[in-house]
Asks: 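First, the structure itself, so that you have it in front of you.
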Number of protein chains: 2
Amino acid sequence: MQDIPPQPDPQPDPATLAFARHDHSHCAGDTLARAEAVAAERGARLTPVRRRALEILLEAHRAMGAYEVLDRLAADGFGHQPPVAYRALEFLVEHGLAHRIRRLNAFAACMHPGQDHAPVFLICRACDSVAEAAGEPVRAALDTAAAAVGFTVERANIEALGLCPACTQGAAA
Amino acid sequence: MQDIPPQPDPQPDPATLAFARHDHSHCAGDTLARAEAVAAERGARLTPVRRRALEILLEAHRAMGAYEVLDRLAADGFGHQPPVAYRALEFLVEHGLAHRIRRLNAFAACMHPGQDHAPVFLICRACDSVAEAAGEPVRAALDTAAAAVGFTVERANIEALGLCPACTQGAAA
DNA sequence: TTATTTATGTTATAGCGTAACAGGTCAAGA
DNA sequence: TCTTGACCTGTTACGCTATAACATAAATAA
Ligand SMILES: [Zn+2]
Ligand SMILES: [Zn+2]
Ligand SMILES: [Zn+2]
Ligand SMILES: [Zn+2]
């Protein structure tokens, strides 16, 4: 959850990374750069508030409420009213640069923007970290279950609450 | 979504049923009876407010907001304040007699109480109906994805938004 | 009965989210 | 150049969702 000096190894699976000690400033910076590239490619305008909102979400592998983001934006000289945060977050979600975690009434930066993906969120109830795991098989199973009753899935929210690797260890002790 | 006279056939899959015309008074009554049996078995006290809240949720295959349930309870002579509804609903969820649909900030009656199940919700964006499909395969895929990164899943919310069979037809027209 | 727990109801307040309007920026086209 | 229109940012004001804290009453246990 914070910066730990040496981390020379190649990037592991993003969900594994979220729960592991890693050079997060690099992790966040890299993700931000990819997000900027995606925005440019799509012709989406990543304006100062929007970019700053994304940076804020990228500070840690956890979800933040809109009002928490708003406070941070306000402290940085942006507007102080809820729509300022909600609009920036809405933009990020719309363009796949962030996700909404309904279980937490909160938002989290997307850890692999650009890649078309069916995210599954793993929320640790002990340390509040949130990881975005590869959900393609889960989504496939969901589509199958829905198709069996004639239902057409357009969007899905798949959110799991439990214990991350570190906190599972702690609980076992 | 409303009562249609004859329906002699045996019960199909509950999710299929939710989207089909059926004798809902029988469907709801039967589910309520099973819920009562489950509550008795667990030693859970299905008091008048709680029972009435469940009946209200059972009136249709859709989710209802807590305040909507509250209005109905108040009209029936129960308390008029939010905690009255939230507590009844919390009880029902705790004992597996109802589910919370986070995407809608709402609650829906469980259509097969007692059976230990991993529900998946199929929410029609056109007619607002909500079906509870069998989610065991989906849950299994989720557990696998989580286990791959060392995460232990305790609870999961799996909610799909899309079009039910009837509304898919309508949209195609 | 008396003590203990559980349930119901209240007031008050916190937290989440959006509608509607005003002013500002920027680029395309007259 | 000037105007038009699209889009972005900011505001006020409000509505919906949810819970904390407390008082009373009913049910169960001792
Ligand atoms: Zn990181
Ligand atoms: Zn944890
Ligand atoms: Zn029915
Ligand atoms: Zn429908």
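Here is how names work: the chains are called A, B, and so on, in the same order as the sequence lines, proteins then strands, and each is numbered from 1. In this text the structure is predicted, and so the values were computed from the model without any measurement.
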Asks: So which heavy atom on B/L70 is nearest to which on B/A85, and how close?
Replies: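 So the minimum-distance heavy-atom pair works out to CB-CB, 3.7 Å.
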Asks: In terms of hydrophobic clustering (I, L, V, M, F, W, Y; side-chain heavy atoms under 4.5 Å; direct or indirect links), are A/L163 and B/V149 co-clustered?
Replies: no
Asks: Applying side-chain hydrogen bond (donor to acceptor under 3.5 Å, both in side chains), which residue pairs with at least one partner in residues 80-96 of chain B are found, sequence neighbours left out?
Replies: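 Not a single pair qualifies under side-chain hydrogen bond (donor to acceptor under 3.5 Å, both in side chains).
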Asks: Does the pair A/E59 and A/R72 meet the rule for a side-chain contact (heavy atoms from CB on, under 4.5 Å), with working shown?
Replies: CA-CA 12 Å; A/E59 281 171 8; A/R72 304 288 309 276; 2.9 Å; yes
Asks: Does the distance from a Lys or Arg side-chain N to an Asp or Glu carboxylate O, for A/E68 and A/R62, drop under 4.0 Å?
Replies: yes
Asks: Assess whether a salt bridge exists between B/E159 and B/R102, defined as any Lys/Arg side-chain N lying under 4.0 Å from an Asp/Glu carboxylate O.
Replies: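 Looking at B/E159 and B/R102, the cut-off is not met.
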Asks: Looking only at heavy atoms, which two atoms of A/L73 and A/V49 are closest? And how far apart?
Replies: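 For A/L73 versus A/V49, the nearest heavy atoms are CD2-O, 4.0 Å.
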Asks: Where does DNA chain D form stems of at least three consecutive Watson-Crick or G-U wobble pairs, each pair having both distances below 3.5 Å?
Replies: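 Runs of three or more consecutive pairs: C:1-30 with D:1-30.
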Asks: For DNA chain D, what residues of residues 40-49 of chain A have any heavy atom nearer than 4.0 Å?
Replies: A/R45, A/T47, A/V49
Asks: Any residue in residues 99-110 of chain B with a heavy atom nearer than 4.0 angstrom to DNA chain D? Just list them by number, or reply none.
Replies: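 Result for residues 99-110 of chain B: B/R100, B/N105, sorted by number.
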Asks: Can you tell me if B/H24 uses its side chain to pair, donor with acceptor, with the backbone of B/H22 under 3.5 Å?
Replies: no
Asks: Of all heavy-atom pairs between B/L58 and B/A28, which one has the smallest distance, and what is that distance?
Replies: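 Distance-wise, the nearest heavy atoms are O-CB, 3.5 Å.
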Asks: Decide, yes or no, whether a salt bridge links A/E136 with A/R139 under the criterion of side-chain N to carboxylate O below 4.0 Å.
Replies: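 Here A/E136 does not pair with A/R139 in a salt bridge, since their nearest N and O are not under 4.0 Å apart.
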Asks: Side-chain donor or acceptor of A/Y67 under 3.5 Å from a matching atom on the base of C/dG17?
Replies: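 Yes, a donor-acceptor pair under 3.5 Å.
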Asks: If you link I, L, V, M, F, W and Y whenever their side-chain heavy atoms are under 4.5 Å apart, who else ends up in the same group as A/F121?
Replies: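 Besides A/F121, the hydrophobic cluster comprises A/I101, A/L104, A/I123, A/V130, A/L161, listed by chain and residue number.
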Asks: Of all of residues 70-94 of chain A, which get a heavy atom below 4.0 angstrom from DNA chain D, listed by number?
Replies: A/F78, A/G79, A/H80, A/Q81, A/P83, A/V84, A/R87
Asks: Roughly how far, to the nearest 0.5 Å, is the CZ atom of A/R50 from the CG atom of A/L89?
Replies: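 Output value for this atom pair is 11.0 Å.
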Asks: What class does the angle between the rings of B/F19 and A/F151 fall in, given that below 30° is parallel, 30 to 60° is tilted and above 60° is perpendicular?
Replies: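 Taking A/F151 first and then B/F19, their aromatic rings lie parallel (interplane angle under 30°).
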Asks: Give the rounded distance in Å between these two atoms: CE of A/M64 and P of C/dG17.
Replies: 14 Å
